[in-house]
Protein chains: 2
Amino acid sequence: MTEVHLRDALDTLKSTGVRITPQRHAILEFIIQSMSHPTADDIYKALESKFPSMSVATVYNNLRVFREAGLVKELTYGDSSSRFDFVTNDHYHMICDTCGKIVDFHYPGLDEVEHLASHLTGFEVSYHRMEIYGVCPTCKEHATKVQ
Amino acid sequence: MTEVHLRDALDTLKSTGVRITPQRHAILEFIIQSMSHPTADDIYKALESKFPSMSVATVYNNLRVFREAGLVKELTYGDSSSRFDFVTNDHYHMICDTCGKIVDFHYPGLDEVEHLASHLTGFEVSYHRMEIYGVCPTCKEHATKVQ
DNA sequence: TCTTTGATTATAATTGTTACAATAAGTATA
DNA sequence: TATACTTATTGTAACAATTATAATCAAAGA
C-alpha cells in the first residue's frame, strides 16, 4: 500500500520535471508511511539521523514542492504549526481536543452541501474541508480512570 | 441585533466574574459589528484612534478571555494569522481563494455526520467545522473581464 | 485608607516559516 | 570528458504572529 503510493508519487514528480533527491524521497516516504500527520519539525527530527546535514529549509521547500504537485495537503488547525497529510482518498479528520491526535474518518464527500452553498452564495466552489472535534477513546478512558 | 448580542455577551462576561473594561467593551463591539472576521491586528488598528495607548497584547489577552468564555471562535485557515468570529448560530464559512473574503453560509448542522463519525471511531464528539473554498462572484467576474 | 486582585502596557522572547546567498549536485551540450 | 547551465541543498538571517514577563495602573473590598 505504502509502496504503491510512494511509487505513484515519485512518478508524478518525475512527470512534472522535479528531481528526486534522497531528501525528497525520504520526506515523501515518511509522510506516506506516517499515520500521524506530521509537522515540518516532526519530519525534520525523524530524518536527522539519516540526513545529519539536512536543513529545516529543505523540509519546508520540499513540502511546498509536494503541495504544488498536489501530493500533499497542508492542514492548519488551532495549534501553532501546520501539519501535512498525504493526499489519498476522500476523508475527513477527527481531532482529539485532549491529546491532539488526528484520526482519518472516511465518508463520502458532501457534494450536495457544495452545490447548495454555491447556489446560495454565487461562489464557484472548488473544494471543502471538515474537521470533527471531540475526545478520543484513549483519553476518554483515561479521564474516567483518573477521576 | 448587534446591540442584543453585545448586551448578552457583556452579561456572560459579568456572570463569569470578568471585569468589563473600556478596551474589552470596544473589542467585543468591534467583533460583533464587523462582518469581516477580523484578525487581531485588524482589531488593534481599528481601535487605535479610540485607544491610542492600547497594547497589542491587550487585544490578544482579551481574545483569549472571550474565547474561554465561549463568546468568540478562533478560525485558523491557511493564512498566517488567526481570524476571530463572534459565536452566534450554526453557520459555515465560504472562503474565496482569490481575495480571501469569508462569507457566512447558513446550513443546518450536520448532526448525522457527527453521529456516524462517533460510531466509527469511538470519539466523544463535541463539535465540527467545515469550510468551503472557491472563487467569489466578484473575483469570478473580474477574472473573466480581465481575460 | 490600605490592601488585594485583576487589567493594561511596553517590551522582550519565542516560534514557525520564509528569504537569501553561497555551495553542491545533476543534466545537457559541445 | 570538459563546460556551461539548471536545480537543490544548506546555513543563516529576517520576519511576523503570538506569548511571556515585569512594571504600572485601576478597581473593589475590608
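Labels below follow one simple rule: chain letters A, B, ... track the order of the sequence lines, proteins then strands, and each chain is numbered from 1. These numbers come from the heavy atoms of this one structure, side chains and all, not from hydrogens, waters or symmetry mates.
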Test side chain to side chain contact (heavy atoms under 4.5 Å, CB included) on A:Tyr127 and B:Asp97; report intermediate values, then the result. CA-CA 10 Å; A:Tyr127 66 102; B:Asp97 279 325; 3.9 Å; yes
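The side chain of B:Ser55 contributes no N or O atom lying less than 4.0 Å from OP1 or OP2 of C:dT8. Within the 4.0 Å cut-off from OP1 or OP2 of C:dT9, at least one side-chain nitrogen or oxygen of B:Ser53 is found. The shortest distance between the side-chain N/O atoms of A:Tyr60 and the OP1/OP2 oxygens of C:dT17 is below 4.0 Å. Using a 4.0 Å cut-off, no side-chain N or O of A:Thr39 falls inside it from OP1 or OP2 of C:dG16. Residue B:Arg19 places none of its side-chain N or O atoms closer than 4.0 Å to OP1 or OP2 of D:dA28.
A:Tyr44 places its OH atom 12 Å from the C1' atom of D:dT9, with the value rounded to the nearest Å. Summarising the geometry, the separation between CG on B:Leu13 and P on D:dA27 is reported as 17 Å, rounded to the nearest angstrom. Distance, A:Phe51 CZ to C:dA24 C1': 15 Å, rounded to whole Å. Taking atom CD of A:Gln23 as the reference point, atom C1' of D:dG11 lies 14 Å away to the nearest angstrom. Between A:Lys14 atom NZ and D:dT7 atom P there is a gap of 18 Å when expressed in whole angstrom units. For the pair B:Asp42 CG and D:dT18 P, the interatomic distance rounds to 11 Å; values are reported in whole Å. Atom CD in A:Glu48 sits roughly 17 Å away from atom C1' in D:dT9 (whole-Å rounding). Between the P atom of C:dG6 and the CD1 atom of B:Ile20 lies a distance of 16 Å, rounded to the nearest Å.
Using a 4.0 Å heavy-atom cutoff across all strands shown, B:Ser81 reaches sugar-phosphate atoms only and no base atom. Here A:Ser82 lies in heavy-atom contact (under 4.0 Å) with sugar-phosphate atoms only. Contact annotation for B:Thr58: base contact, defined as any heavy-atom pair under 4.0 Å involving a base atom.
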Check: residues 62-70 of chain A side-chain donor-acceptor pairs under 3.5 Å, at least two apart:
unit_1: A:Asn62; atom_1: OD1; unit_2: A:Arg24; atom_2: NE; d: 2.7
unit_1: A:Asn62; atom_1: OD1; unit_2: A:Arg24; atom_2: NH2; d: 3.3
unit_1: A:Asn62; atom_1: ND2; unit_2: A:Thr58; atom_2: O; d: 3.1
unit_1: A:Arg64; atom_1: NH2; unit_2: A:Asn61; atom_2: OD1; d: 3.3
unit_1: A:Arg67; atom_1: NH1; unit_2: A:Glu74; atom_2: OE1; d: 2.3

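Map A:Arg24 and B:Asn61 each onto its nearest nucleotide of DNA chain D; the residue landing nearer the 5' end is A:Arg24. Residues A:Pro22 and B:Pro22 both approach DNA chain C. Their nearest nucleotides, taken by heavy-atom distance, put B:Pro22 toward the 5′ side. If you find the closest nucleotide of DNA chain C to B:Val18 and to B:Pro52, the one lying nearer the 5' end belongs to B:Val18.
Judged purely by atom type and a 3.5 angstrom limit, A:Ser118 has no side-chain atom pairing as donor or acceptor with the backbone of A:Glu114.
Note on B:Val135 and B:Tyr92: separate hydrophobic clusters, where clusters join Ile, Leu, Val, Met, Phe, Trp and Tyr whose side-chain heavy atoms are under 4.5 Å apart, directly or indirectly.
Looking only at atom types and distance, the side chain of A:Glu131 has no donor-acceptor partner in the side chain of A:His93 under 3.5 Å away.
Among the nucleotides C:dA10, D:dA17, D:dT18, the one closest to the side chain of B:Ser80 is D:dA17.
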